[in-house]
Each structure stands twice: as C-alpha cells, then as structure tokens.
Protein chains: 2
Amino acid sequence: MSNTPIVANPLLQLDNQLCFPLYALSRMVTKAYQPLLQELDLTYPQYLVFLLLWEHRELSVKELGDKLLLDSGTLTPLLKRLEQKQLISRRRDPRDERSVIIGLLPAGQELQVRACQVPEAVFARLNMTRAEAEALRNQLNTLLKQLA
Amino acid sequence: MSNTPIVANPLLQLDNQLCFPLYALSRMVTKAYQPLLQELDLTYPQYLVFLLLWEHRELSVKELGDKLLLDSGTLTPLLKRLEQKQLISRRRDPRDERSVIIGLLPAGQELQVRACQVPEAVFARLNMTRAEAEALRNQLNTLLKQLA
DNA sequence: TAATGTTTAATTGTGCGCAATTAAAAAGTC
DNA sequence: GACTTTTTAATTGCGCACAATTAAACATTA
C-alpha cells in the first residue's frame with residue numbers, strides 16, 4: 001500500500017516548468033538588490049515606486065498601479081510608510097477627489113543621487129553582457145504585454 | 001523651488017530595468033495559475049511543493065528548501081497548513097532528529113491526477129511555442145544557477 | 001569525553017501581494 | 001435632475017518571503 005507506484009509525469013516535474021525559474025530568479029534578483037537598497041532604507045517595491053517618481057515627479061496611485069501592475073491593496077500601505085518617513089506626499093486631486101496624487105518630498109528627491117550607483121552594482125552581480133540583458137528584458141517584456 | 005529639474009537618468013528608468021519585467025511577469029504567471037489551482041484548493045507555492053512530492057514521495061524540509069530556494073521561515077507554516085488539511089505528513093527523521101520528513105498522504109497523492117491538466121492549461125494562456133518556452137526556461141535556469 | 005562548531009527547524013516580526021468588500025466620487029443615462 | 005454604472009482608494013484578511021534569533025541535534029576536535 002505504501003508501494004503505490006509514482007506516475008513519473010514529465011509535465012508535472014519541477015525542472016520542466018517555465019514558471020519555477022521565473023519565480024525563483026525574480027526572488028534571487030530582488031535579494032541581489034537588498035543590501036544596496038538597505039543603505040537607502042528602501043525595500044525593492046518601494047525602490048520601483050521611486051524609479052517612477054524620479055522620472056515623473058508626480059503620479060496618482062492609479063498610475064503607479066498601472067505601471068507596476070500592483071493594486072491599491074499593495075500600494076496604499078506601502079505609500080503610507082513612505083509618507084511617514086517624509087519621503088513622499090499624498091494628497092487628493094482637487095479635480096478628481098477619487099484620485100490620490102503621490103509627490104516627491106525633498107528627502108525622496110535626494111535619494112535619487114544615492115540610488116544612481118544601484119543599477120550598475122546589481123548588474124555587476126549578474127554575469128551577463130549588456131546585449132544579453134537587453135535581449136532577455138525585451139523577451140520578458142513581450143510576454144508581459146501579452147498577459148497584461 | 002518646485003521647479004528643480006528632474007535628472008533623466010536612463011539607468012534609473014523603470015523601462016530600462018531587467019528586474020522589473022522579471023518581477024512583474026513572475027507575478028502574472030502566478031496569477032495565471034491561480035484559477036486552476038483554486039480548484040485543487042492550493043496556492044502556487046503549495047503546488048510547487050506537491051510537484052516535488054509527487055516526484056519524490058518523501059523529502060525533508062531542508063531538501064524542499066534547497067530545491068525551491070525557500071527557507072524554513074516560509075516552508076514551516078506552509079507545510080503545517082498542508083498537514084492540517086491531511087494532504088501531507090510531517091515527522092522527525094529517526095536517524096537525524098534535526099530533520100523533518102514530509103510525506104504524501106493519500107489525499108495529497110490523489111491531487112496529482114487532478115493536477116495533470118494544469119500545465120497544459122497554463123501553457124495555453126501564454127502565446128508561445130514549446131520551443132520558445134523551453135529556450136526561455138533554459139535561459140532563466142542558467143542565470144539562476146549563476147546566482148544560487 | 002568535554003568543548004566547540006555546524007546543521008536543521010522553528011519562531012518572531014515586518015512587508016509585500018492579492019482577493020474581496022466597502023465607500024465615495026465621477027460619469028453616463030433616462 | 002434623479003438613477004444607474006463605473007472608477008478610484010481604502011480596508012480586511014490570508015498567505016507567502018525573508019531577516020534575525022533561538023534551540024536542539026549532530027559533528028568535529030582538542
């Protein structure tokens with residue numbers, strides 16, 4: 001009875017899944033950022049929010065969610081923590097009181113200078129050429145657009 | 001003062017990061033599994049545990065962690081939930097009392113039959129050929145081995 | 001064998017991620 | 001203009017992920 005043969009279904013083997021390396025690599029890359037972001041006192045998703053704010057200065061929660069593919073259940077508490085650290089501001093859009101507009105405070109703006117070295121430092125840890133990285137990024141982005 | 005020019009640093013733009021499509025695509029793929037796994041009453045990481053158990057029947061928490069790149073802080077509560085649902089068993093290894101051995105219970109074994117259709121169903125949602133999927137998987141696995 | 005070091009899980013605490021619900025504002029429709 | 005529908009955030013609850021700590025079992029070495 002404890003000898004029931006195990007059906008070796010290749011479709012159900014971890015090594016044959018596309019999902020697993022995607023899942024695992026994503027976490028490993030996040031971990032590669034961690035020590036660098038710790039110096040900025042930011043988590044990885046918080047860092048992504050700042051990438052957008054440094055580029056656009058102001059964005060609504062909705063716009064952040066559209067760009068990061070995250071909903072308000074994730075963003076609202078994250079943004080409140082950044083507000084509490086005086087890095088960003090949160091205010092209702094007077095023209096549409098449903099929207100909450102996120103803006104950079106001086107301390108949040110100043111983080112950009114210290115963040116400049118992060119991409120290079122992380123890149124150095126992944127042993128791949130620029131061309132390889134860009135090719136993979138385009139590949140992943142293509143898939144992403146098909147799904148989102 | 002609110003006119004401080006924003007330095008457009010391409011290295012700090014979300015669209016130029018490799019990390020973001022990896023992070024976002026991983027979550028999207030997990031979401032693609034969700035409705036299928038819901039019928040098995042499993043979460044995505046729980047499903048990964050079962051892929052390994054269906055293949056190996058018994059594995060220690062350590063072995064599961066090595067294969068999934070997860071630590072006991074993640075696995076212990078997850079496994080306790082599966083134990084509570086009578087899907088798996090947890091017992092100390094009599095030969096090394098530090099190890100906890102995870103085994104399949106009948107209900108957990110029977111889940112395999114219902115799971116057989118999951119990989120095909122998920123694959124259908126990603127508009128890519130087998131060859132493309134395999135190429136990408138190998139690429140991601142190579143990167144993963146470099147990091148782990 | 002006694003002391004030291006290593007391995008393995010468990011625990012604790014924090015921060016996502018997301019489904020589901022609620023509530024308010026805005027837009028569309030009759 | 002009242003009614004309905006849609007949009008937008010916030011809230012609640014649950015399950016990961018993971019860093020840091022603890023404790024027990026095992027291994028190594030003096």
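The chains referred to below are lettered A, B, ... by the order of the sequence lines, with proteins before strands, and numbering in each begins at 1.
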Discussion item. If I take atom CZ in residue A:Arg92 and atom C1' in nucleotide C:dA25, what distance separates them, rounded to the nearest angstrom?
Written reply: 9 Å
Worksheet item: Is B:Leu75 touching bases, backbone alone, or none of the nucleic acid, heavy atoms closer than 4.0 Å?
Response: nothing
Worksheet item: When you look at CD of B:Gln34, are more than 12 heavy atoms from neighbouring residues, nucleotides or ligands closer to it than 6.0 Å?
Response: yes
Item to complete: Can you measure from CG (B:Asn141) to CD (B:Gln146) and round to the nearest 0.5 angstrom?
Response: 11.5 Å
Worksheet item: For B:Tyr23 and C:dG17, is the shortest distance between a side-chain N/O and OP1 or OP2 below 4.0 Å?
Response: yes
Worksheet item: Taking for each residue the nucleotide of DNA chain C bearing the nearest heavy atom, is the 5' side occupied by B:Lys80 or by A:Leu70?
Response: B:Lys80
Practice prompt. Would you kindly compare B:Tyr44 and A:Glu63 by the position of their nearest DNA chain D nucleotide and give the one closer to the 5′ end?
Written response: A:Glu63
Discussion item. Taking A:Arg91 first and then A:Glu58, would you say they form a salt bridge - that is, a charged N and a carboxylate O separated by under 4.0 Å?
Written reply: yes
Discussion item. Need one value for B:Ser99: base, sugar-phosphate or nothing, where a base atom within 4.0 Å counts as base even if backbone is also close, heavy atoms only.
Written reply: sugar-phosphate
Fill in: Between P of C:dG17 and CZ of B:Phe20, the distance in whole Å
11 Å
Discussion item. Is there a continuous path of hydrophobic side-chain contacts, each under 4.5 Å between heavy atoms, that joins A:Leu82 to A:Ile101?
Written reply: no
Worksheet item: Contact class for B:Thr43 vs. all strands (heavy atom < 4.0 Å): base, sugar-phosphate, or nothing?
Response: sugar-phosphate
Discussion item. If the threshold is 4.0 Å, N to carboxylate O, is there a salt bridge linking A:Glu83 and A:Arg90?
Written reply: yes
Worksheet item: Taking CG from A:Leu78 and P from C:dT14, how many angstroms apart are they, rounded to a whole number?
Response: 16 Å
Worksheet item: Toward the 5' end of DNA chain D, which comes first, A:Arg98 or A:Thr74, by nearest nucleotide?
Response: A:Arg98
Worksheet entry | Side-chain N or O of B:Arg27 closer than 4.0 Å to phosphate OP1/OP2 of C:dC16 | no
Fill in: Gap between atoms CG and C1', on A:Leu37 and C:dC16 respectively (whole Å)
14 Å
Worksheet item: Separation of A:Lys62 atom NZ from C:dA26 atom P, in whole Å?
Response: 16 Å
Discussion item. Go nucleotide by nucleotide along DNA chain C from the 5' end; which of A:Asp93 and B:Val100 gets its closest nucleotide reached first?
Written reply: B:Val100
Response to the item:
Taken to the nearest whole Å, CG/A:Leu82 to C1'/C:dG15 is 12 Å
Worksheet item: Under the ring pair (Phe, Tyr, Trp, His ring centres under 6.0 Å) test, which residues partner A:Phe123, sequence neighbours left out?
Response: none
Worksheet item: Separation of A:Leu69 atom CG from C:dC16 atom P, in whole Å?
Response: 17 Å
Would you be so kind as to tabulate the donor-acceptor pairs closer than 3.5 Å made by side chains of residues 17-24 of chain B, with sequence neighbours excluded?
residue: B:Gln17; atom: NE2; partner: B:Leu11; partner atom: O; Å: 2.6
residue: B:Gln17; atom: NE2; partner: B:Gln13; partner atom: O; Å: 3.0

Fill in: Nucleotides bounding contact with chain B, strand DNA chain D, heavy-atom threshold 4.0 Å
D:dG15 to D:dC26
Worksheet item: Looking across every strand, which nucleic acid part, if any, lies under 4.0 Å from A:Thr30 by heavy atom: base, sugar-phosphate, or nothing?
Response: nothing
